[in-house]
Structures are given as structure tokens and as C-alpha cells.
Amino acid sequence: MSSTAPVLEIKGLNVNYGLGEKAVRAVRDINLTLHRGEVLGLAGESGSGKSTLAYGVTRLLPPPGVITGGEVRYHPREGASIDILSLESEQLRAFRWSEISLVFQGAMNSLNPVHTVRSQLTDVIRAHRPEMSKSQRVERAASLLSLVGISADRLSSFPHQLSGGMRQRVMIAMALALDPEIVILDEPTTALDVVMQRQILKQLTRLRNELDFSVVFITHDISLLIEFSDRIAIMYGGRIVEEAKAKEIYHTAHHPYSHGLLHSFPALHGPRRELTGIPGSPPDLTAMPSGCAFHPRCPKVFEACDQKVPVLGPIRGDAGRTVACWLHAEH
């Protein structure tokens with residue numbers, strides 16, 4: 001169960017690719033809080049900055065990615081909060097995976113093809129828990145596989161001997177190996193069929209309840225987030241444009257982009273509804289439109305939209321929700 005206590009706070013985070021005048025601003029002034037025990041969904045089209053945000057938070061940005069501003073604070077269950085962006089390399093190595101872990105996009109192909117599942121799981125444990133004996137590491141690896149619904153006899157298998165869903169679950173087991181407080185899932189089910197997607201998400205829900213970790217669930221499929229998230233943040237053009245509880249987003253999306261995303265996927269439950277999609281393409285981050293980045297595609301655009309960037313703020317009479325749209329300019 002989620003609580004009101006924050007476990008991760010992101011304040012004013014900015015991430016660029018490159019330096020100088022030609023730098024691409026991929027993440028812009030992100031403010032986001034993950035509460036303990038919560039599943040926070042992060043939705044948006046490809047190129048909206050979701051994965052860049054995840055890699056920035058965990059400091060796994062590939063070159064030429066660079067964090068140009070902001071703060072990322074982790075709040076442990078005991079002791080003082082930690083500024084992740086100020087950790088030295090050795091501190092970061094000890095912190096990452098034990099406190100916060102990441103299941104990468106395309107996780108099925110992230111396993112080393114020439115090493116067994118046993119080798120890859122025990123390598124993670126040996127690097128962070130050197131006091132454990134070899135037999136203890138193998139026992140822990142077997143229990144991790146069992147945790148995600150895979151028989152322990154698969155420890156001797158190579159990745160090519162596993163199905164896509166099993167490889168995905170091995171990666172989830174690896175992310176849980178050190179009992180982290182936060183697990184970031186970057187498109188964890190994209191390459192899987194819908195039946196396997198639901199199986200893995202149900203397992204993740206069960207594991208979250210059993211192990212009491214917090215989740216950041218990143219995907220372009222907002223229909224999945226509606227069902228499995230407590231709260232959802234919508235990203236567009238490197239910014240958050242709306243944030244609310246999952247059910248509130250589903251019933252009354254305030255930002256036209258959120259509404260467009262909802263009507264780009266069939267509803268999992270309830271009556272049928274027409275799929276309309278979103279015309280046009282996401283913005284070119286090297287040449288962002290003036291004002292609201294969504295205004296060239298927005299069906300409700302008006303004069304103010306191309307003049308100034310709307311600020312993410314609360315909606316009058318709707319506590320706990322924020323939106324960045326001139327249709328709700330009273331904030």
C-alpha cells in the first residue's frame with residue numbers, strides 16, 4: 001500500500017544531449033515525487049523524454065547525455081535523505097541496484113547470450129554482497145527465479161533457451177536481487193504479446209505487495225497504466241503536462257494530449273469507444289515550437305497557445321491534480 005511519505009523527489013531536473021548552443025534539451029524542469037509503496041506511471045509517445053528521465057535519475061545516461069540542473073533526493077526508511085546527483089562513483093556503485101534498480105527498455109535482449117542465468121544472477125549478488133558464499137548466492141538466485149514464476153532448474157539455461165516472457169522475468173528478478181526500495185521499469189512489456197504482458201504485470205503487482213517497493217512504470221501504452229498505476233504523469237516534449245490519480249486521468253483528462261493518448265488505445269474494460277489517435281508527430285527537440293509544444297497538434301488550440309509555455313500547476317476545485325495547459329489558465 002502506498003503512503004504519503006516520499007521515497008524519491010525530483011526537483012527542477014534538466015537533461016541535455018550535447019553541449020553548447022547545439023545541445024538538445026531532452027528533459028526540461030521536471031518536478032515529480034514518488035511516494036513509498038506507490039506505482040507511478042509515466043506515459044507519453046516515443047521521444048517525449050521518459051527513458052531519458054529514468055536514466056538521468058539513476059545516472060545511467062549514455063554519452064553525450066548530461067544533467068544540467070536540478071536535484072534528485074532519495075529518502076531511505078531510516079537516516080538522512082541522499083542527493084543522488086552528488087554521489088561519488090564508488091558511492092553510486094554501492095547505491096545503485098541496492099536502493100534503486102532499473103529494468104531497461106528491451107530487457108529481453110539485455111542478458112549476456114554466452115552466460116547462463118545462474119552466472120548473471122550470482123554476478124550481481126557477488127558484486128554487492130561479497131560476504132555471501134557461493135552456495136548462498138546460488139540459493140538466492142534460485143529463490144529469485146521462483147519469485148517471478150520460473151523453476152530453479154532454469155538456472156543452468158542460456159538466454160536463447162528461454163522464451164521472451166521468461167527472459168523478461170529474469171531481468172525483473174535481477175532488478176529485485178538486492179531488495180531495492182525503488183524499481184524503475186522502462187517499457188517492460190513492449191515486445192511481448194498481450195497475454196504475456198498481463199501475466200508479467202500481475203506478477204509485478206504481487207511482488208510489489210509482497211516486497212513493499214515503489215515503482216516507476218514507463219510506457220507509451222496509457223491503457224496499461226490506468227489499470228496498474230496509482231498515479232500517472234503525462235510527458236510531452238520533455239515536460240510533464242498533466243499529473244493525477246490514474247482513475248482521474250481515465251475519467252477526466254484535462255490536457256488535450258492526455259485525452260488524445262487515452263483515445264489512441266482500446267479500453268480494457270467498460271463500453272467500446274471510438275479510437276481517434278493524435279494527428280501529426282511529436283516535436284523535434286532541436287527546433288521546439290513556440291509556446292505550448294503541443295499546440296501544432298492540438299484540436300483546442302487558440303491564440304495564447306503559441307505565445308508562452310504554460311506552467312504545470314493545480315486546477316481550481318480539483319485538489320491533487322496538476323496540468324500545464326492554457327485551457328486551465330486560472331492556475
Side-chain angles (χ1 to χ4, degrees), residues 39 51 54-55 57-60 62 89-193 195-219 228:
V39 177
S51 295
Y55 298 150
V57 166
T58 53
R59 291 177 60 184
L60 287 168
S89 57
E90 286 301 315
Q91 295 174 315
L92 183 62
R93 185 175 183 273
F95 174 85
R96 198 189 289 135
W97 309 116
S98 61
E99 302 295 338
I100 183 169
S101 64
L102 176 65
V103 177
F104 294 97
Q105 188 171 354
M108 288 194 305
N109 301 315
S110 297
L111 293 169
N112 191 319
V114 300
H115 289 281
T116 64
V117 171
R118 177 193 291 108
S119 173
Q120 296 184 63
L121 284 174
T122 55
D123 277 354
V124 174
I125 300 167
R126 183 174 63 248
H128 289 266
R129 302 287 188 269
E131 71 280 2
M132 293 180 69
S133 67
K134 182 178 180 180
S135 61
Q136 288 175 322
R137 293 196 297 268
V138 173
E139 184 179 348
R140 174 59 175 163
S143 68
L144 286 168
L145 285 191
S146 177
L147 200 64
V148 296
I150 299 177
S151 173
D153 59 17
R154 284 293 192 171
L155 281 172
S156 58
S157 298
F158 289 89
H160 73 272
Q161 296 173 312
L162 305 178
S163 68
M166 293 176 75
R167 277 181 281 172
Q168 189 75 289
R169 282 180 282 165
V170 168
M171 289 301 302
I172 293 169
M174 193 177 295
L176 298 175
L178 304 175
D179 296 318
E181 291 286 344
I182 303 168
V183 178
I184 300 176
L185 304 165
D186 187 11
E187 303 273 9
T189 62
T190 296
L192 304 176
D193 62 74
V195 175
M196 186 55 64
Q197 281 184 4
R198 293 190 65 79
Q199 288 181 4
I200 287 179
L201 290 174
K202 284 183 178 179
Q203 282 189 329
L204 283 168
T205 301
R206 175 182 60 81
L207 292 171
R208 190 274 299 253
N209 293 334
E210 287 182 9
L211 305 177
D212 193 28
F213 54 83
S214 306
V215 178
V216 178
F217 182 13
I218 300 171
T219 182
F228 291 98

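Owing to the predicted nature of the structure, the values given are computational and were not obtained by experimental measurement. The basis for the numbers below is simple: all heavy atoms, side chains too, and nothing from hydrogens, waters or symmetry mates.
Summarising the geometry, atom CD1 belonging to I200 is positioned 11.0 Å from atom CG belonging to L207; distances are rounded to the nearest 0.5 Å. Considering CE of M174 and CH2 of W97, their distance stands at 9.0 Å, rounded to 0.5 Å. To the nearest 0.5 Å, atom CZ of residue R208 and atom CD of residue Q203 are 15.0 Å apart. Rounded to the nearest 0.5 Å, atoms CD1 (I150) and CD1 (I172) are 9.0 Å apart. The structure places CG of L185 at 6.5 Å from CZ of F217, a figure rounded to the nearest 0.5 Å. In this structure, CD1 on I182 lies 11.5 Å from CG on L102, to the nearest 0.5 angstrom.
When all heavy atoms are compared, the tightest approach of L162 to V117 is CD1-CG2, 3.8 Å. Between V103 and A175, the shortest heavy-atom distance links the atoms CG2-CB, 3.6 Å. A141 and T122 get closest at one heavy-atom pair: CB-CG2, 4.1 Å. Nearest approach of L92 to T58, heavy atoms of both residues: CD1-O, 4.5 Å. Heavy atoms only, all atoms of each residue included: P113 and F158 are closest at O-CD2, 3.8 Å. Counting all heavy atoms, side chain and backbone alike, R167 lies closest to P159 at CD-O, 3.4 Å.
Side-chain contact between R118 and S156 is present, with heavy atoms from C-beta onward closer than 4.5 Å. The side-chain heavy atoms of I100 and V57, taken from C-beta on, include a pair separated by under 4.5 Å. At a threshold of 4.5 Å between non-hydrogen side-chain atoms, the residues P180 and E99 do not count as touching. Using a 4.5 Å cut-off on side-chain heavy atoms (C-beta onward), L111 and Q120 make contact. Counting heavy atoms from C-beta outward, L147 and L211 have side chains that approach closer than 4.5 Å.
Applying the side chain to side chain contact (heavy atoms under 4.5 Å, CB included) criterion to V216, with sequence neighbours excluded, gives L34, I184, I218. Judged as a salt bridge (charged side-chain N to carboxylate O under 4.0 Å, His left out), and not counting sequence neighbours, the contacts of E210 are R206. Listed by chain and residue number, nothing satisfies the salt bridge (charged side-chain N to carboxylate O under 4.0 Å, His left out) test with R129 (two or more places apart in sequence, or in another chain). Residues passing the side chain to side chain contact (heavy atoms under 4.5 Å, CB included) test with S119, sequence neighbours excluded: H115, T116, D123. Contacts of D179 classified as side chain to side chain contact (heavy atoms under 4.5 Å, CB included), with partners at least two apart in sequence or in another chain: R140. Listed by chain and number, the residues in a salt bridge (charged side-chain N to carboxylate O under 4.0 Å, His left out) with E181 are R36, R77 (sequence neighbours excluded).
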Given the rule in the side-chain contact (heavy atoms from CB on, under 4.5 Å) test, do F213 and V183 qualify, once you have shown the distances and angles that lead to the verdict?
CA-CA 7 Å; F213 54 83; V183 178; 3.8 Å; yes
Run the side-chain contact (heavy atoms from CB on, under 4.5 Å) test on F228 and V39 for me, step by step, so that the C-alpha distance in whole Å, both residues' side-chain angles and the decisive distance to 0.1 Å come before the verdict.
CA-CA 8 Å; F228 291 98; V39 177; 5.5 Å; no
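A distance-only check finds no donor-acceptor pair linking the side chain of S146 to the backbone of A142 [under 3.5 Å]. Put simply, the side chain of E139 never gets that close to the backbone of Q136: no donor and acceptor are under 3.5 Å apart. Counting only distance, with no hydrogens or angles, the side chain of R96 and the backbone of R59 share a donor-acceptor pair below 3.5 Å.
For R93, the CZ atom counts as loosely surrounded, since its 6.0 Å shell holds 12 or fewer non-hydrogen atoms of other residues, nucleotides or ligands. Q161 CD: more than 12 foreign heavy atoms inside a 6.0 Å radius.
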